[in-house]
Structure formats: C-alpha cells, structure tokens
Number of protein chains: 4
Amino acid sequence: MGRVTFAQAVFLAIKGELPGDEEARMLDAILVSSVDHGVTPPSCLAARTVASTGSPLNAALAGGILAISKHHGGAIEDSMRVIQEAVRRNKEIHNTQEEMASIIVREHRERHKRLPGFGHRIHTRDPRTIKMFQIASDLGIAGEYVGMSKAIEGAIEKSSGKSLPINVDGAIAALLCEMEFPPELANAFFIMARIPGLVAHVYEEQTRMKPMRHIDPKDHEYRGIPERKL
Amino acid sequence: MGRVTFAQAVFLAIKGELPGDEEARMLDAILVSSVDHGVTPPSCLAARTVASTGSPLNAALAGGILAISKHHGGAIEDSMRVIQEAVRRNKEIHNTQEEMASIIVREHRERHKRLPGFGHRIHTRDPRTIKMFQIASDLGIAGEYVGMSKAIEGAIEKSSGKSLPINVDGAIAALLCEMEFPPELANAFFIMARIPGLVAHVYEEQTRMKPMRHIDPKDHEYRGIPERKL
Amino acid sequence: MGRVTFAQAVFLAIKGELPGDEEARMLDAILVSSVDHGVTPPSCLAARTVASTGSPLNAALAGGILAISKHHGGAIEDSMRVIQEAVRRNKEIHNTQEEMASIIVREHRERHKRLPGFGHRIHTRDPRTIKMFQIASDLGIAGEYVGMSKAIEGAIEKSSGKSLPINVDGAIAALLCEMEFPPELANAFFIMARIPGLVAHVYEEQTRMKPMRHIDPKDHEYRGIPERKL
Amino acid sequence: MGRVTFAQAVFLAIKGELPGDEEARMLDAILVSSVDHGVTPPSCLAARTVASTGSPLNAALAGGILAISKHHGGAIEDSMRVIQEAVRRNKEIHNTQEEMASIIVREHRERHKRLPGFGHRIHTRDPRTIKMFQIASDLGIAGEYVGMSKAIEGAIEKSSGKSLPINVDGAIAALLCEMEFPPELANAFFIMARIPGLVAHVYEEQTRMKPMRHIDPKDHEYRGIPERKL
C-alpha cells in the first residue's frame, strides 16, 4: 500500500514478482484498453439482465463474467498460442519472421481456420493496436512476439490481398507473450479489465432503470457527462 | 429408485419426509406449471447470452439462476408471507376470512404497496391458477391458505372495482403454504421447475444459433414440433 | 398440470415429445439416483461456502452448479460417448458385443486412458447400477447400450483381472443412450437431479449454521430425522 | 492507454470523471490492500472448489465472487452507512465528533448491534488501517469521515474499556466516504481488488493440484517465491 500501483500488485499476485517500471506501465495500458465496450457485449447484457431482476451487484458481476468465454475475450488466448507457436517453430528452423508468418497463414488457410486476433468489423487498422504497440515500443517491450504478430498481419495481406489488421485482442496477446504470461491466464486479464466497466453498467441498471425492463442493446442513449477533453 | 417419483424425492430432500400421494401430485403440478415461459424472461435471456459466448451448459444455467430473484420469481415468496400473516392474524382475532382480507387490502393500499401474487397483464382470471386450485381441491389440499388467497382476490375487487386475479405466483404461494414449506424456500421451487426449460433454451442456443448473435427476445420463431394434442 | 409428472415435463421440454410410461419411470429413477451425495461433493461445498457468506439461495445454487463439471458429474457424458461409439462401430463390423468391448478396452489401455463410468472406490458392484439396470430390464428399456456397457465391464475384468464395475455414472450413461438423449445434455440430468439436494444443504447452512464458519466436509453430523423405513 | 493507470480508469468508469492525483494514489492503496488474504476466505475456497472440478477460470472466478457478500466484504458497505449517518447527523446538531461518536456507540449498544468495521481477531491496532490512514493524511484526503471513524473507535474504548480498532474494512469505508463513492458500490471495490488474488489461487489449483482433491484451508503450504524485500 502506498508503494505500488494496483497494476503492479496484479502483476505480483500472478507472477510472484514485482514488474519493472516498463512492464507496470504496459500492464496499465493493457488493462485500460478493455475497461468498457458499451452496452452490446454479452458480458454487459448478462450482467444487466441479472441486475434487472433485483439480484445484488456480486451476482450481476458473476453473470457477466460467465459470459467472458471462448467467443467473447477468448481470442486473446487463441492468438497467444498462435504467436507463441510461430516464434517457437521459427527458433528451430531459423527462418525470417516473414517466412514463418507465411507458413502459419498458409497452414490456417489450408485448414480453413481463421487466425485469431486479426481483423476488425470497421477499421483497416485498429487504433488501439497502434497505440498499444507504440507504448510497447517506447517502453522497450515490443520484441519478437510483436514482430511475429506484425509479420503475420503482413503475410495475410500478401496472401489474400485483404487487410486483416491486428485487432485489440491480437495486440494484447502479443504483449502478454512479451511479458511471459501463460496463455491459460489470458482470460484473467480481460476479466480484470472489464469488471470496472461492468460495475458501472450494473450500477446504472440498479439506480436508473426499471426492474425487468426489456434490455435492447440497440436502443439506448448515453446519459453520462458530455464528451470533453480528459 | 423405482419406488418414488422425482417430485417425491424433491419433497423428501427438502422436508425430510416422503409426501402423501396427494402432496406428491400437487408438487408435480406446481413444478410442471413453471417449466418454461418462452424466450422473454430474464433467466432465459441470461442463460442464452452466457451460452452464446461458448460457455458450457452448467455456466449458462448458473447465469440463468442468478436472474431468478426478487422481481423474477420472487413474488412467490412475498405472496407466501402475506397469506401466512393474514391466516396467522385471523387466528388471533377470529374474523371471517373476508374481514381479514379487507384489512390486508386496506393496509396495503394505505402504504401504497402492491399485493404480491395478484394481477396479470392479460388475463382477468389466470388459467393456471384455476387449474392448480382445481387440482388442489380435488386432492383435498386446498385449505385456509387457498381460502385466504381467494378472499384477498375478492377484497381487492370490492375495494377497487378492478379485477386483480390470483396469478400463477400467488397460486403457487398459497399451495406451498398448504404444504407447509417455508417462504425462504419459495425460490427453490421456481428454480427447480425452470431448469429443464433453461436446459432446452441453452441447448437450442448451442446447437442452432450463431455464437455472439444479437439475442432479441421480440424477434424469434418457434422451430420445434408443431402444435398437437399431447 | 395434473396430467403429467415433473419427470415427464422434463422429458417433454428437452425432447419435444412426451415419454412413454416406461421412459417416464426410467427417467424418474435416474433423477432420483443423484439427488444427494452428502456433504463432500464439490457442488455441495461450493454451494454451502457461498451460502455461508450471506448470499441468497439462488447465488448459492449457481455456485454449486458451477462445480458440476468435467470431474464431478462429467463422467456421464464421457461414458455416453464411449458406449455410443462402441455400439456404432459394432454395427459396421458385425462383431459380437464381447469382441467389440475387448477392442475398446484394449484401445483405452494402449492410450493409457481410463474408461469413464467404470470403477468405484468401495464397491466391487455398485448397488445403484444393479437397481437401475433391474428397473431398465423390467421396463423393457435395457437394450444394446446397456448390453455394451456390461460387455465392457466384462472385458475389463478379463483383460486386467480387476473388477471395475459399472458405476452410477456409467449406468446413467447407458440408460440416457437407450432413451436417445445426446451426450451434450448428460450434465443437464445430473444438475437437475442434484438441485433439490443442494437446496436442502443450502437451507441447512442458512438456518442452522454460523455465517463464515470453517466448512469441513470430514467433520459433520447428521441432525435430520433418524433412519427409518420409507 | 498510456496516459492513465488502471486505478484511474476504474475511478473514471465509476465516477465519470478522472480522479485527482491524490485520489488516484488513494484508490491504488485501497485496491492493493485487499488483493489477497490467503486460502481461508470463502471467496477463495469457492473459487478453488469450482476450479478443482475442471471448470474454466471464468466460472471459478464467478464462484468466488458469489461468495463476496454480506459476511465477507460486506462490512465495508455497512461501515460506510454508519459513518455517513454519523457525519450527516452531526451537521444537524453541531456536536463535536466525540459527542456524536458517543451517541452512535450508545445507540448500537442499546440495540445490541455490532459496529461494522471495528474490531480484529488478533490486532489491537490494525496495521493496514494505520498505513492507509497515514497515506490518506499525507495525500490530504483524510477529512471528517476518517475523523468520525477515529472518534467512534475512541468512543468504543471509552464506553467498554475494550479496544476494537478500526479494521481494514472500516478504514476502506472511511476512505471511500472521503472520495464520495456511494455505499452501494463498496462491494465493487472489494471484488475488483480480490480478483487478481483469486486468479492466482485458481491458476495454482488448475496447474499444481489434483482434481477433486479435498480442499482443507487449514492444511496447506506456501510453494511460491521465498520471503524477500520487494
């Protein structure tokens, strides 16, 4: 207390060692990146739905966390495994990252499997990835995993002509690899990051909304503080 | 196994004694009454939302159960407390059920409180209540609690001119009182009854629906077996 | 209500059709077999632990259900898959059940995998299996899946000299196969069966135990109604 | 990302405004204070029990959160309400904090109610409280709520002769009051703080422990990194 930030304590609890200053700031950025994503994610809908029946805050948060699974947040773990395997195999065969990335992309295409952590509904470059990789670069954390991740992004574009940018899941995956967290814990970081957002949603549901209302994620308005420079 | 039905085993687990044949059949009717209520209840939406993220069946059911709370299913417990108190007070003051019911209705009106277990969005008489009370009457289970419940229904109509019929929650409440279950366990019966319905919803979500779809309870179609005489 | 038992309604909700009388009685036996197993199973400990902190009944039940997973109840699903595969393969190669069972046992041994649904810490014959298979036989439900299950039990003994009897999970697995339920729903039957037992445990925790007590599953006494003939 | 710490983002998500630097550091200290408390708390036991059955990380965390309720973490909210009421009433009657504190202590004694947030099994002064109040004082955050909290501590000792020190729950309560968080969200801070600890426990259970083991909180050994200066 008073000596470390919460993010440093998170690192200590999970790794057993305090992070260096660079890792601490990187972890802060990763956690901040995923605090909230509006009303539409299933974790938010599940939490609000539970809250709307009069269940207490902890039950609503538990409901939300149960919806953070394979298809919601799960791409981080899957992406970590792909990047880790690519880096590991590349150490054996001494290819360039570009050659290894091409192999990975071709293998996924042949198995008709999507590469987790790449592609975005709207963006051709994900602004969160750009920002996080910039921070990682400034902090000296971006290494072979970030490099491999970018090489795969390039290989996808080369092979398909389409731009499937590294998305926020893919960026977090590469950075958790750089900090040597195990893929099995990828979901933990997404859950820890998202809880404060879920708290805010549940509290709004409990204090401003009618119990048992029909929750329509497409029909909502923002009643918070107007947009301003923070 | 082989000697008792599941409903009898439920009774035994909770009460510590096997039910008589009449109670067993009454409990079967109560549990059957609440197995499913379509896509709209929050328990169903929470369970389907959790399932849509790839979470396993038990997690989806847990999510659904977390939404069976004060405003969803909770009226059974509240109604049991009202009916029990009315019957208890009536034993002290030796009124008729009608007089006691009038007092209860007046007290709630003065405190601007709704009487839990009465009223229905559509029906002026709830067909499930009629059926369950008929069964209770045939089995010799309907007694002073069912009587008090009907007396309150009458007193509401007399006092307000409006028909707020005993709804399915109120009917179950009166019958659980007759069988001497504690109000604290009212929710258990609703949860036990609703689980099979939730299982069917979750299984449909897992096997027929796309992951992470937008679940709109107002936009759905029934794909099951067409209506027929069972 | 009034026309079908709860077990019949369970069958209807999941299958879309009412069961025949034999299937209804078989399902009753399956559900009754798993209502409770004392204080030691993790589902009970999780539910009691949650309840001991003052969380409501539905939260405690959700906690319990979250512990009904791969290693607790999960053997039913695994066993269904083994038995189904054995029956399916046997239809292709027209072996006797004994020959097919030997192949299955040998394959598992070679892969150093345990056969799910076989073996018991105490019993060399599981009394619940004997009873359920007797009921299945009387009702005309025991068919090729029960047969294959028994053939595997025999093949294990022949191959290893050890008796690994069909346990309650294996028996339920064979019977759910006979009634053509999908393995994906095996866990649903265990959860539905166990909920009433969990309700009784949670209610005891809430009404007789001190909050936040140290729950030691090895240190408990039974305070219910003394043993008697039911 | 890159501009605010995770604790600042937590504050922003819940309050709608970024904290000042002092509040940010205070919130860091509050969250760090509650990251872990060993194997014995029910949240840890519930999470480990769920994990021991093979359930995934998110289900185990949900199980743990369901056990963070009235008797486990709930004293923070209760203590906030007591302190807030004392400060509010004191503004009306213009007593000294000491006089108001005496009234509060007397009222609780007369109603045979414990004052939440005071007392510790071992310590006569809780070292975490001392540290957090020191930080609050250094940051200029300690105000009338911390003052009232200390006045109540003094009034208890004066009235009973016994030392019931402000414990960690009481200290967090006073500090959340100073930062104008609503008591309804007290549990959110405890849950957010405890998740990283639960993640570490669950990961150990999943990777080092046998499935379905008997989890005895009194029988464990620490296998982490030896004690050292951080």
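Residue numbers start from 1 in every chain, and the chains themselves are labelled A, B, ... in the order their sequence lines are given, proteins ahead of strands. These numbers were taken from a predicted model, which means no experiment stands behind them.
- For the set L61(C), L31(C), V199(C), the entry with the most heavy-atom pairs within less than 4.5 Å of chain B is L31(C).
- Nearest heavy-atom pair across F6(C) and M192(B) is CZ-O, 3.4 Å.
- There is no contact between Q206(C) and chain B, counting heavy-atom distances below 4.5 Å.
- Interface with chain C: from residues 219-228 of chain B, residues I225(B), R228(B) qualify, criterion being any non-hydrogen pair under 4.5 Å.
- Contacts of V35(B) with chain C are made by side-chain atoms alone, with heavy-atom separations under 4.5 Å and no backbone atom involved.
- The CG atom of N58(C) sits 13.5 Å away from the NZ atom of K70(B) when rounded to the nearest 0.5 Å.
- The local environment of CZ in R128(B) is crowded, with over 12 non-hydrogen atoms from other residues, nucleotides or ligands closer than 6.0 Å.
- A distance of 10.0 Å separates CD1 in I130(B) from CE in M1(C), rounded to the nearest 0.5 Å.
- The two residues P196(B) and A13(C) have their closest heavy-atom pair at O-CB, 4.1 Å.
- Using a 4.5 Å cut-off between heavy atoms, D36(B) makes no contact with chain C at all.
- Crowding of H214(B) atom NE2: a count of heavy atoms from other residues, nucleotides or ligands under 6.0 Å exceeding 12.
- Looking at L12(B), the atoms closer than 4.5 Å to chain C (heavy atoms on both sides) all sit in the side chain, from C-beta outward.
- Environment of CZ in R213(C): crowded, with over 12 heavy atoms of neighbouring residues, nucleotides or ligands closer than 6.0 Å.
- Using a 4.5 Å cut-off between heavy atoms, I65(C) contacts chain B through both its backbone and its side chain.
- Scanning both residues, G2(C) and A29(B), for their nearest heavy atoms gives N-CB, 4.1 Å.
- Contacts between I191(C) and chain B at a heavy-atom distance below 4.5 Å involve the side chain alone, from C-beta outward.
- For the set D28(B), N187(B), V4(B), the entry with the most heavy-atom pairs within less than 4.5 Å of chain C is D28(B).
- Of the two parts of E204(B), neither the backbone nor the side chain holds a non-hydrogen atom closer than 4.5 Å to a non-hydrogen atom of chain C.
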List the atom pairs, donor and acceptor, that lie under 3.5 Å between side-chain atoms in residues 136-144 of chain B and the rest of the protein, sequence neighbours left out.
| from | atom 1 | to | atom 2 | distance (Å) |
| --- | --- | --- | --- | --- |
| D138(B) | OD1 | Q134(B) | NE2 | 2.9 |
| E144(B) | OE2 | K91(B) | NZ | 3.2 |

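- Counting heavy-atom pairs under 4.5 Å between each of G16(B), A9(B), G64(B) and chain C puts G16(B) at the top.
- The candidate from A67(B), G63(B), P182(B) with the greatest count of non-hydrogen atom pairs under 4.5 Å with chain C is P182(B).
- Of the residues considered (L185(C), L57(C), L18(C), I195(C)), L185(C) shows the highest number of contacts with chain B, using heavy-atom pairs under 4.5 Å.
- Using a 4.5 Å cut-off between heavy atoms, L66(B) contacts chain C through both its backbone and its side chain.
- For the options A24(C), G197(C), S33(C), heavy-atom pairs under 4.5 Å to chain B are most numerous at S33(C).
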